[in-house]
Amino acid sequence: MKHALIMIGLVGAAAMPASATINNGFFEDFDSGTGGFGFNPGQSSVEITNPGTGGVGGAGDGFLSVETTSNDQLAARAVNAQQYQGDYLAAGVTSISFWLRDLGQQDAAIIRVGLGARQGNFWVSNRSWDATDDWQRFGVELTDASQWTQIIGSGSFEDALRNADALQFRHAVLPDGRRPDSLAGSFGVDRIALVPAPSAVAGLLLAGGVMGGRRR
């Protein structure tokens with residue numbers, strides 16, 4: 001797991017407030033291990049691994065592999081992973097960038113991002129992405145609550161960002177289910193970045209397709 005201050009396009013990593021666990025320059029390249037990601041309770045057939053090769057960087061570059069060969073809830077979430085826990089607002093994180101890839105011959109997964117406090121105030125992105133055979137970069141903005149649907153608990157989206165304890169990548173046809181949808185399938189995740197994006201740069205990223213996706 002890699003902790004580093006990075007730049008995406010013209011985005012610079014700002015300093016992290018002392019009160020926040022979240023680092024708005026955090027970058028996970030999955031050099032080794034699964035970066036704190038595991039499966040949800042009840043996902044007995046889901047395998048979450050790091051093959052150690054085949055990531056965005058090609059041979060020798062690891063990534064997060066999420067797979068099930070039976071019809072089960074297809075998802076991976078980082079729980080008790082300090083790099084994704086804390087106050088996203090105080091840390092100045094305004095978007096999350098990541099890369100996705102479809103890994104198998106099964107039905108293609110429809111991926112959404114889940115974020116917040118998993119017991120009391122958890123949200124899922126309205127925007128979704130179809131993983132393809134090639135790695136593609138996508139992202140979600142954290143500045144507009146209308147782009148998210150609350151699936152657990154009460155409170156505002158801003159409250160969820162202030163008290164986040166879990167980040168999730170899930171297969172979900174619609175954003176409003178409490179649990180991920182079941183699918184015999186697989187997908188890969190790589191290069192997760194917590195990005196501080198001033199409005200001018202955010203527009204540039206949108207124009208370049210970084211925040212691209214599909215609404216359902």
Side-chain angles (χ1 to χ4, degrees), residues 1-38 48-66 75-101 103 111-116 125 127 129 131 134-143 161 164-170 187-213:
M1 182 171 59
K2 181 183 300 182
H3 298 261
L5 291 181
I6 63 168
M7 296 184 70
I8 297 180
L10 302 177
V11 182
M16 178 183 66
S19 60
T21 301
I22 300 297
N23 184 337
N24 67 6
F26 176 79
F27 179 65
E28 175 60 83
D29 198 25
F30 296 102
D31 286 338
S32 62
T34 58
F37 283 88
I48 297 177
T49 61
N50 184 342
T53 189
V56 176
D61 181 31
F63 68 95
L64 182 72
S65 171
V66 186
R77 70 179 185 183
V79 178
N80 298 324
Q82 292 186 357
Q83 62 269 30
Y84 304 116
Q85 294 181 325
D87 190 335
Y88 282 73
L89 298 183
V93 177
T94 57
S95 63
I96 301 175
S97 173
F98 51 89
W99 293 68
L100 294 175
R101 177 188 170 193
L103 300 179
I111 306 301
R112 299 180 191 271
V113 174
L115 182 65
S125 65
R127 198 176 292 270
W129 303 268
D134 298 318
W135 286 107
Q136 290 184 299
R137 184 170 63 175
F138 302 106
V140 288
E141 291 186 7
L142 307 183
T143 56
L161 294 180
D165 63 10
L167 173 67
Q168 181 189 60
F169 293 90
R170 60 161 58 190
F187 64 93
V189 182
D190 202 2
R191 297 187 177 179
I192 302 170
L194 307 185
V195 184
S199 57
V201 179
L204 180 62
L205 293 177
L206 281 166
V210 175
M211 309 301 285

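Quick caveat: nothing in here was measured; it's all calculated off a predicted structure.
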**Q.** Smallest separation among heavy atoms of Gln83 and Gly35, with atom names
**A.** NE2-O, 3.1 Å

Q | Trace of the side-chain contact (heavy atoms from CB on, under 4.5 Å) decision for Leu100 with Val189 | A | CA-CA 5 Å; Leu100 294 175; Val189 182; 3.9 Å; yes

Q) Are any non-hydrogen side-chain atoms of Val93 and Val195 less than 4.5 angstrom apart? A) no

**Q.** Single hit among Phe30, Trp99, Phe26, Phe27 for side chain to side chain contact (heavy atoms under 4.5 Å, CB included) with Ile192
**A.** Phe30

(Q) Rounded to the nearest 0.5 Å, what separates atom OG1 in Thr34 from atom CD in Glu28? (A) 8.5 Å

Q) Stepwise, does the side-chain contact (heavy atoms from CB on, under 4.5 Å) test hold for Phe138 with Gln136? A) CA-CA 7 Å; Phe138 302 106; Gln136 290 184 299; 3.5 Å; yes

Q) Between the main-chain N or O of Val113 and the side-chain N or O of Ser125, is there a donor-acceptor pair closer than 3.5 Å? A) yes

Q: Quick one: pull up CG in Leu167 and CZ in Phe98 and give me the separation to the nearest 0.5 Å.
A: 9.0 Å

Q | Minimum heavy-atom distance Trp129-Gly139, with the two atoms named | A | CZ2-O, 3.4 Å

Q: Work out which heavy atom in Ala166 is nearest to a heavy atom in Val79; give both atom names and the distance.
A: CB-CG2, 4.2 Å

**Q.** Gap between atom CG of Asp190 and atom CG of Asp29 - 0.5 Å precision
**A.** 5.5 Å

Q | N/O donor-acceptor pair under 3.5 Å between Trp135 side chain and Gly54 backbone | A | yes

Would you list the atom pairs, donor with acceptor, under 3.5 Å between side chains in residues 56-66 and any protein atom, with sequence neighbours excluded?
unit_1	atom_1	unit_2	atom_2	d
Asp61	OD2	Val56	N	3.2
Asp61	OD2	Gly57	N	2.6

Q: Measure the spacing between CG of Asp165 and CZ of Arg77 and express it to the nearest 0.5 Å.
A: 8.5 Å

Q: Decide side-chain contact (heavy atoms from CB on, under 4.5 Å) for Leu194 and Ile96; before the verdict, give the C-alpha distance in whole Å, the side-chain angles of both, and the deciding distance to 0.1 Å.
A: CA-CA 5 Å; Leu194 307 185; Ile96 301 175; 3.9 Å; yes

(Q) Evaluate Phe37 against Asn50 for side-chain contact (heavy atoms from CB on, under 4.5 Å), listing each step before the verdict. (A) CA-CA 10 Å; Phe37 283 88; Asn50 184 342; over 6 Å; no

Q) To the nearest 0.5 Å, what is the distance between CD1 (Ile22) and CD (Gln85)? A) 7.5 Å

